[in-house]
Every structure is written in structure tokens, then in C-alpha cells.
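The next block holds one structure in the form of C-alpha cells; read it before the comments.
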Amino acid sequence: METLNIRSGEFQLERLPKIKNDTLRGWDAADELLIETVLTDYSHLLVTPPLIANDSFGALALAFNEYSVHSWSDSFISHLATTHNLSLNKISASPVLIPSTKEAEGKYDLVLIKIPKTLSLLEDQLCRLKPHIHPETVIIGAAMSKHIHTSTLKLFEKIIGTTTTSRATKKARLIYAQNDQKNNVVSPYPKTIKDESSGINLQNFANVFANDHLDIGTRFFLETIKKHLNQHGEYAEQAPNIIDLGCGNGILGIAAKQLIPHAKISFTDESYAAIASAKINYSNETIDKNTDDAEFLMSNSLDQYKGDTPDLILCNPPFHQAHAVGDHIAWTMFKQSQQKLQKNGELWVVGNRHLAYHIKLKKLFGNCQTVASNKKFVILVATKNKK
Ligand SMILES: C[S@@+](CC[C@H](N)C(=O)[O-])C[C@H]1O[C@@H](n2cnc3c(N)ncnc32)[C@H](O)[C@@H]1O
């Protein structure tokens with residue numbers, strides 16, 4: 001656990017999900033610069049609740065915990081971490097947690113935006129922020145300099161107004177935007193994309209994985225699932241429980257439902273945008289268009305899954321958490337799948353060849369079969385308690 005040392009206090013701060021021997025900190029120099037700048041120059045604006053967008057693990061919510069902050073994020077895990085870290089520091093404040101798919105509340109005098117990894121989320125947030133700011137609102141973006149691109153600044157210019165940047169401090173920079181752009185720009189999200197090969201229309205909220213095209217790994221997985229599930233005799237009679245783990249826009253679970261209409265599908269993801277997209281897409285693309293027979297769960301991996309024992313789990317695992325690359329989330333997903341699956345239940349995984357997921361799956365399940373491969377990807381199946 002690391003200590004965040006700032007002028008308003010010393011705070012213990014943990015990243016979630018917790019990882020053994022984690023060497024990464026839950027905040028960066030951009031958080032520190034933003035906090036120091038607000039405390040020095042803008043503390044008079046803290047008489048009304050500030051809006052904080054994309055606080056990674058709650059560093060900003062901790063720093064301004066006395067001011068009833070509103071925390072707007074696409075990450076369920078970031079919201080969990082914010083609550084967790086407040087309680088770790090025995091702070092009773094409860095910030096208003098606003099999912100990215102919901103509107104911010106009221107008008108703000110101070111808006112602090114950690115620049116998100118995807119430009120789509122920033123674009124959507126800036127457009128939807130407009131009705132919640134007034135001409136005097138102070139809007140400050142913050143990021144490590146390497147994550148601030150010309151395209152980032154152009155978005156601020158186009159949607160909010162005159163934009164300037166600070167000098168770099170410890171390789172971090174601030175973006176100041178004045179709310180003087182008179183034309184309202186409407187968010188282009190959710191965006192509809194049509195996948196020609198499957199004929200599926202997808203509605204993607206901002207920040208959803210492969211937001212404006214079908215990912216090539218996902219496409220390969222879809223083709224393989226289609227071949228395999230059609231031949232899966234044991235699902236003909238019994239209604240299988242299928243989980244689309246890290247579902248993104250829900251395309252894998254929807255394909256499974258189209259192939260096995262009596263299956264019960266659970267969609268889980270830690271992104272609010274993903275679950276919102278999966279829900280709309282399920283309703284549009286399945287025969288009975290009824291979302292009541294499926295489950296849509298905000299969750300870190302399968303933490304929140306309390307449903308029936310799954311027969312099949314489909315997973316295209318993430319290989320990063322925001323800017324931090326790693327396979328720790330994939331590992332948790334595989335481990336929890338192994339625990340939750342019923343006997344002879346299967347975990348299907350797509351991965352880039354070089355990620356070598358088969359080693360992990362073999363270690364956990366004692367078996368792993370490659371059912372399809374091409375130059376870039378492999379589709380692996382691990383079976384629980386295989387004889
Ligand atoms: C590679 S994308 C796959 C999306 C979709 N299944 C597809 O194939 O197009 C990985 C997904 O995992 C989600 N994810 C990342 N970390 C997660 C976590 N800790 N728990 C649950 N989902 C997570 C991401 O939001 C993203 O939607």
C-alpha cells in the first residue's frame with residue numbers, strides 16, 4: 001500500500017483489483033499537479049461540489065473529500081476503489097458516484113478531468129458536460145504529457161472553447177479550457193456499426209472496446225463459436241448457462257443466444273458503457289428482444305456473479321487496465337472461471353498467440369486444447385475436471 005502525500009493530508013491508497021506484489025501506484029504526477037493547483041488557485045470554488053471525471057482509484061476524491069465530490073467514471077472498479085480508499089482512511093464522506101452512461105448533476109463551478117485512455121470517452125464526456133457548466137466554470141484537464149495529444153486539445157477547443165496547457169511538472173501537464181464555444185456539439189455516442197459478415201448491427205457507447213469496428217480477434221472467435229456451438233449436442237436439450245465475461249458490446253453472448261435460443265446468457269464487464277451497449281444490442285439482435293431473460297452485471301471479473309453454475313464461459317480477456325499493460329486481469333478471469341464452472345463446463349478464450357494463455361489455462365485446469373488458430377490468434381478451450 002502506498003501513501004499519497006499532499007497538502008490536504010496523507011492518505012493510504014490501494015489499486016483495485018488487489019494484486020500480490022503490485023508495484024504500481026494508484027495515482028500519478030498528473031493527480032498531484034492537479035490537486036496542488038486546485039488547492040493553491042481554485043480552493044474558493046470548492047464551496048460547491050466539484051465534478052471529477054475519470055479518477056483512477058480515488059486519489060482526487062480523497063484529496064477533496066470534504067467537498068461532496070461528484071465522481072463521473074466509466075469504470076465500476078474505479079468507483080469501488082474510491083469507496084474502498086475512503087473507508088481505508090476512515091473518511092465517512094460518500095461521494096456521488098455517477099456512471100459514464102448517466103448525466104452529471106446540476107451546474108458545476110469546478111470540473112476536473114483526468115484525461116481518459118480513449119478519445120471517444122473524452123469526446124462524449126465533454127459534449128455531455130456542456131449543459132452542466134456556465135461561462136465562469138473552471139475546467140481543468142490533467143494527464144501525463146505523453147498522453148496529451150493534438151487531438152486531445154482539439155476536442156477541448158471544439159467542444160468547450162479556448163484551450164491552453166500548463167508547463168510540464170514531473171512529466172505531467174494541465175489543460176485549461178474556457179467555456180466560450182457557443183455551438184453545442186452533440187455526442188455521437190452511442191454509435192451504430194454494422195458488421196457486414198454477420199449482419200449484426202451494434203450500438204456502441206463511448207469507451208466500448210473496438211468502438212467503431214469489429215475487433216479481428218472477436219471476429220475470429222465468433223466464427224469459431226458458430227462452428228462449435230452448432231455441433232455441441234449436449235446443449236440441444238438442457239438450457240445452458242453461458243457467461244460472456246468482459247462482454248464489451250455483448251457480441252459473443254449475443255451470438256451464443258442466436259445459436260442456442262434457450263440458453264441463459266449473463267453479460268459481465270467493469271465498464272458501464274459496455275454493459276449499456278450489451279443490453280441494447282441484446283434487445284435489438286435476439287429473437288424475442290427480451291432483456292429480462294438475460295443478466296447484465298457490473299463486476300470486476302466474476303466477483304458479483306451469483307447466478308447458476310455456468311456451463312460455458314466465453315472470454316476475450318483485456319490485456320491492460322487503463323494505461324497499465326499486464327495479464328493480471330486475464331489471470332483472475334481464468335481462475336474465477338475455473339472456480340465457478342460446473343463439472344465438464346468449458347472456458348473458451350481468444351488471445352493473441354504471443355500472450356501464451358495456454359500455459360495459464362493448463363496450470364489452472366490441467367488441460368487446454370487449441371480449437372482454432374490463425375497467424376495472429378488462438379482459440380483455446382479448457383474444461384473443468386476433465387476425465
Ligand atoms: C478485449 S475486450 C473484449 C470485449 C468483447 N468481449 C469482444 O470480444 O469484443 C475486454 C473487455 O474486458 C473488460 N474488462 C476489463 N477489465 C475487467 C475487469 N476487471 N472485470 C470485468 N471486465 C473487465 C473491458 O471493459 C472490455 O470490455
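In each ligand, atom 1 is the first atom listed, and ligand 1 is the first ligand listed. Predicted model, so just to flag it, every value in this text is computed and none were measured.
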### Task
Just go through F267, Y272, F221, F209 and tell me whose heavy atom is the nearest to atom 2 (S) of ligand 1.
F209
### Query
Who gets closest to atom 5 (C) of ligand 1 by heavy atom: P317, C247, A274, G351?
C247
Taking [atom] as the reference point, the nearest protein heavy atom with its distance:
atom: atom 16 (N) of ligand 1; value: P318 CG, 3.7 Å
atom: atom 19 (N) of ligand 1; value: N300 OD1, 2.8 Å
atom: atom 26 (C) of ligand 1; value: D269 OD2, 3.6 Å

Non-hydrogen atoms of [X] versus ligand 1: any pair closer than 4.0 Å?
X: S301; answer: yes
X: T268; answer: no
X: D215; answer: no

Going by the order shown, which atoms of ligand 1 are within less than 4.0 Å of some heavy atom of [X]?
X: S299; answer: 20 (N), 21 (C)
X: T218; answer: 7 (C), 8 (O), 9 (O)
X: I77; answer: 19 (N)
X: L252; answer: 6 (N), 8 (O)

Using a strict threshold of under 4.0 Å (side-chain N to carboxylate O), is an ion pair present between [Y] and [X]?
X: K18; Y: E14; answer: yes
X: R128; Y: D124; answer: yes
X: D31; Y: K114; answer: yes

Run the ring-centre check on [X] versus [Y] and record whether the distance is less than 6.0 Å.
X: H84; Y: F57; result: no
X: Y108; Y: H134; result: no
X: Y189; Y: F205; result: no

### Task
Evaluate the side-chain proximity of P17 to I77: yes if any heavy-atom separation is below 4.5 Å, no if none is.
yes
